[in-house]
Every structure is written in structure tokens, then in C-alpha cells.
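Report on the structure given below.
Below, read A as the first sequence line, B as the second, and so on, with proteins coming before strands; counting in each chain starts at 1. Keep in mind that this is a model prediction, so the values were computed, not measured.
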Amino acid sequence: MSELRDAALRSRAWPFEEARRLLDRVRRNPPAKGHVLLETGYGPSGLPHIGTFGEVARTTMIRTAFEAIADIPARLVCFSDDLDGMRKVPDNVPHPEMLREHLQRPLTAVPDPFGTHASFGDHNNAMLRRFLDTFGFEYEFVSATDFYRSGRFDAVLLRAAERYDAIMAVMLKSLREERQQTYSCFLPIHPETGRVLYVPIRHVDPREGSVTFTDNRGREWTVPVTGGHCKLQWKPDFGARWAALDVDFEMYGKDHATNTPIYDAICEILGGRAPEHFVYELFLDQHGEKISKSKGNGLTIDEWLAYASRESLAHFMFQKPKTARRLHFDVIPRAEDDYHAHLRAFTGQEMAQRLDNPAWHIHAGRPPASRMVVPYSMLLNLASVVATPDPARLWAFIRRYAPEAGPASHPDLDAAVGHAVAYVRDFVLPARRFRAAGEREAAALADLAARLAHWEGVADPEALQAVVYAVGRDHGFEPMRDWFRALYEVLLGASEGPRFGGFVALYGIAETRALIARALAGELAA
RNA sequence: GGGCGGGUAGCUCAGUGGUAGAGCACGUGACUUUUAAUCAUGUGGUCGUGGGUUCGAUCCCCACCCCGCUCACCA
């Protein structure tokens, strides 16, 4: 047995814990399909959110761990429930009035409000795939609409018609009396309106494989359960899908946890074997409230990626999936720095430690070397005080600490510089409040500009600092701090800032004079 | 009511059956000139409560307390 496998079989990292459960499962009962199938589900009623990403990232980590300990291949299916009826119009998409006309129709039957895809469901599916591809996940995408219409689901749907009573017995037990009256596991799609109907089923014909119902205008219809003419209610849909695909593993958030026995029972009624489960905790916002699409709290994937690396997000997802964790802007810098700390630690670690290292799981066992010689939290600080949206200026500061560093040789650091200046652009610069200079301050500023105009030689930070200080002294500032405060408030729009000589050296003497001129002309405070 | 998670330094959180950790914050020093964006260093915790297992428990087991989430209509 290899050193890796030996250590992996004993690792306490959660992906290995899960992988071992999966391995036990297939040892007892090897899958006829010759591989292990992991599934993640996606509801394309809105844009993919960070939880969807997390589910795929975590499932992929388990898959990677499984492949390290088993000789059976593992596949990952990303299943989009796009035959689901659109229950409400999302409030963050264009043309809501158009969408309103298509309520209750399958998402793949609703026109794309963005006008770029064949349907709204296709659009959202494409968004999901774009995100997954950006991260380099290996997966097979399956559309529920295709799955139903292509007939791949038919055998299980026919069995559901045969065992309708058994399914209903499981379902009704979980429902209140009121809902029991109208419940059916089959949701017929109206042949004329194309809407997914939540109507009582009057008759199920297992031999014909059809269901009969009455629509809201009193007309009676009989439609096949197969071929996409009927959809299954979501709980039976889960179990039926597991049975049809022979799914071995699926994780979901704890809001689904109570339903596990129901999903499993349906799966078994339909001849399947219930997969292994993993219930993860939900994400909270900075106030400890659950993150939900409708509330719009928490972070989007795009927001995270605007201010930190993909790997830092993967690192966040690796951490403690069974603990409810806060997901908001403040956790980003730490995620980035922790990720790089683990990359650095990896090199000197024994195999057992490596398998517990998040970097192993983020990079499928082969993490790169970190070139992040300046911590991201420091970069943010630095970018904030310099208040520059220009990566080159930030790089000039970085070279004071790390002269050997550069954008080409340190791509991860360069990316972090880009993220830090994005942060400055989006949060620091808009918060700046410039004020006009007072009379004495204006005179001192004009004096400083004049002395800078006569500057010769290199822009030495210490020499420039001496000039700045001399100007303050000559104009009678007491305490001297008032002079520096004035510089920051008038020129930089903040009450604190960098050591000013150093700032002038890096910002540029001519540029500083231009900045003073604009301030004295009242352009900054305006 | 069922299920799940958390309770460790002032704050946010790591962590391990063998003397308790980080970041931030705070204190001090490095600069004869505001500030820290740097470096060094220090203060700081009966690891929720009570019991059990153990040579030894913050960690494992049991009970309890507090906080939060989640499910019960829909997905």
C-alpha cells in the first residue's frame, strides 16, 4: 500500500472521513456501473450563489479524497432542476413583467430575460457552468428537462406509477391533513398552458403509465407520466433521481436534513439504494443571520472574487463544513492569508500532515508554492493608506519590503495587489471626504508646492519628509500634528495617512504639486 | 416539539487525551521630526456547568444551562 493511501486511510480531515464511508459502501456492495457517482443539485430559479459553489467545491474534495484511497473511478454529476416551475419572479433580473406571464412554467420554458440563451433556465445553467468552469471543476452537467424528455427517467417514472400507493404513504405521513387532501407526487404539465400543476390526481394508471387530473377550468386530462409530461414533486424527485442515476453520495444543507429519511425511502421504493449523505451547516451573514437569496445578505461569488482569489474561497469552503460560519467581507483577508500560510507549510510537512492541510484538498494533492511574500491583510492596509487605485503604485510600496518581488515572478501576489486596489476603489475612495484648506494651511501648502518645484535630484523619502516638516515649522503649526492632519484631510480626504515624505516620493513630486494645486483651487473638496 | 451547530484571551476564531494558540485590539521598545503601512516584545483564559472514563480531560462519554440555526407551506 502506498504511503499516500496508508495515510489517507487514517486522516481525520473530513473529506477523507467521507471518502472512507463511501469506500465502505462500495466494498460491501460494488456498484454495477463500475464507478462511484457523486451528485450535487442546483435550482436554477436564480443566479448561482455561493452556497451552490460551496457544495460543488466540497463534493469535489470528497471525490479527490476518494480517488486517493480507492481503485474505483468517481464521477460528479451536477444536476439542474430546470423543469421546475417558476414560482416567483426574481427581483434582480430585467423584464419582470414579461416573466410574470410565464409563472409556473418550467424554467426551461420561460424566455431568457437577458436575451442571451434559449430560456431563463438555460441562462442560469450557463451561469452556473461558467462559475464551475472558472474553478476548473470536473463534472458532468445534467439538465432535468433533458433527463425527463430524453426518456432516461422513464423506467423509474413508470415504477413510481406502479408503486404510487407506497410513495404516497411515505409522503402523506409527512404532511398535514389539509395538504394531504391535494397532494400528489406527480405534477402534470398542462398540455395547453405548459404550466406545472399542483393539482390532485384523480387516477393513476400504472399499466398505461398515465395520470388523470382536472384543470382549473374543469376539463379532464390524461397525460403520460413519462417523457417530460409530468414532473415529480421535489421530495420524490430527489429520491427518484437517486434511483435513476444510481447516486452514491449527495450532500446538502441542514435545511434538508429532516427530509433525508423521506428521500431515502422513495429511492428504495423505486428500487434504488439510498446514497451516503453529508449535511453541512448553512452560512450566516455578519449578524449571524442565515444567508438567503431573497434577503440579499451575505456575499456573492463575484463579490468574493473581486477582492480575493478563487483558492481563498475554496479554502473557506474547506473549513469546518459542519459549523455555521459567517460569510461576509471581513472573513476574506483571513481566508486569503490562511490559504497561503497552508501553502507555505505544505512543503516541509510529512504525508499525514499534508493530508490534513487544506492546500492538499484545494489543489487535489498538488498545491503550488506560495509567492505571497506580503500578507494580504497588509496589502489592504497599505492600499488603504496610500489610497491608490493603481496597482503599479502599490507595487512600488511592496518593493520597499520585498525588493525581489515583481508582478511576473509573483503572480499570486500580483493578483492580490489587483484585489487590494479593487477594495480601495470600491470602499476607500468613495469614503474620502476632502475639506478646503484654511488660510494658514493654504499658505503652507503653496509654500510646500514652491519648494517641491525647486527640488533637484532623487526623490528621497527622508529628505522630502524634512522639507514637509520644515514647511510646517516655518508656518507656525503647533502641535506639528495639525500640519500633517491638514495634509491628509485636504489632499487625501482622510484624517490619517502615510508618512508624507514617503508618499511624495512614491506619488511623484510633480504629481504632488498638481494635487496641491487642485486642492488650492477647490477642486478636491467640491 | 424534532434535528443540527456553537459556548476557548477584550473581539473574531484556530486547536490537541500529556504545561493553552493565532489575528486584531491593548502595553512597551526600535525613528531628535504627526501617524503606522514595518519589526521586536509583553499583558491577557478555573477552554459554559456538574458528573463519569483515565495515571492524566479543554478534547472522549452522560446530564444540564445558555446562544444560534433549521424543519414542520414551498423548494
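- Between B:U58 and B:U70, the two P atoms lie 33 Å apart (nearest whole Å).
- Taking the six-membered ring for Trp and the full ring otherwise, A:W483 and A:F500 have centroids separated by 6.0 Å or more.
- Residue whose closest nucleotide on RNA chain B sits further toward the 5' end, between A:E281 and A:Q319: A:E281.
- Remark: A:R344 is not positioned above the aromatic ring of A:F346, lacking an NZ or CZ atom under 6.0 angstrom from the ring centre and at most 45 degrees off the axis.
- Cation-pi geometry between A:R241 and A:F79 is met: the NZ or CZ atom falls under 6.0 Å from the ring centre, inside 45° of the normal.
- The side chain of A:Q233 places an N or O atom within less than 4.0 Å of a non-bridging phosphate oxygen (OP1 or OP2) of B:A75.
- At the heavy-atom level, A:L282 lies under 4.0 Å from the strands shown only through sugar-phosphate atoms.
- B:C71 atom P lies 14 Å from atom CZ of A:R176, rounded to whole Å.
- Per the geometry, OH belonging to A:Y280 stands 16 Å off P belonging to B:G5, to the nearest Å.
- The side chain of A:K320 contributes no N or O atom lying less than 4.0 Å from OP1 or OP2 of B:G5.
- Checking B:C73, B:C71, B:A37 against every side-chain atom of A:L382, the shortest atom distance belongs to B:A37.
- In this structure, A:A324 reaches the sugar-phosphate backbone alone: every heavy-atom distance under 4.0 Å involves primed, P, OP1 or OP2 atoms, never a base.
- Taking the nucleotide of RNA chain B with the nearest heavy atom to each of A:W234 and A:K254, the more 5' of the two is matched to A:K254.
- Between the base of B:U34 and the side chain of A:Y469 there is no donor-acceptor pair shorter than 3.5 Å.
- For the residue pair A:H256 / A:Y263, a side-chain donor-acceptor distance below 3.5 Å is found, with atom types taken as modelled.
- A:R334 comes within contact range of at least one nucleobase, with a heavy-atom separation under 4.0 Å.
- Within the 4.0 angstrom heavy-atom criterion, no nucleotide atom of any strand lies near A:D338.
- Between A:R179 and B:C74 there is a side-chain N or O to OP1 or OP2 distance below 4.0 Å.
- The residues A:D84 and A:R87 are annotated as salt-bridged, a charged nitrogen and a carboxylate oxygen being separated by less than 4.0 angstrom.
- Note on A:Y488: a base of the nucleic acid sits closer than 4.0 angstrom, heavy atoms only.
- Side-chain N/O atoms of A:T258 include none lying less than 4.0 angstrom from OP1 or OP2 on B:G2.
- Taking the P atoms as reference points, B:C39 lies 33 Å from B:G48, given to the whole Å.
- Using C1' as the reference atom, B:G56 and B:U43 are 30 Å apart when rounded to the nearest Å.
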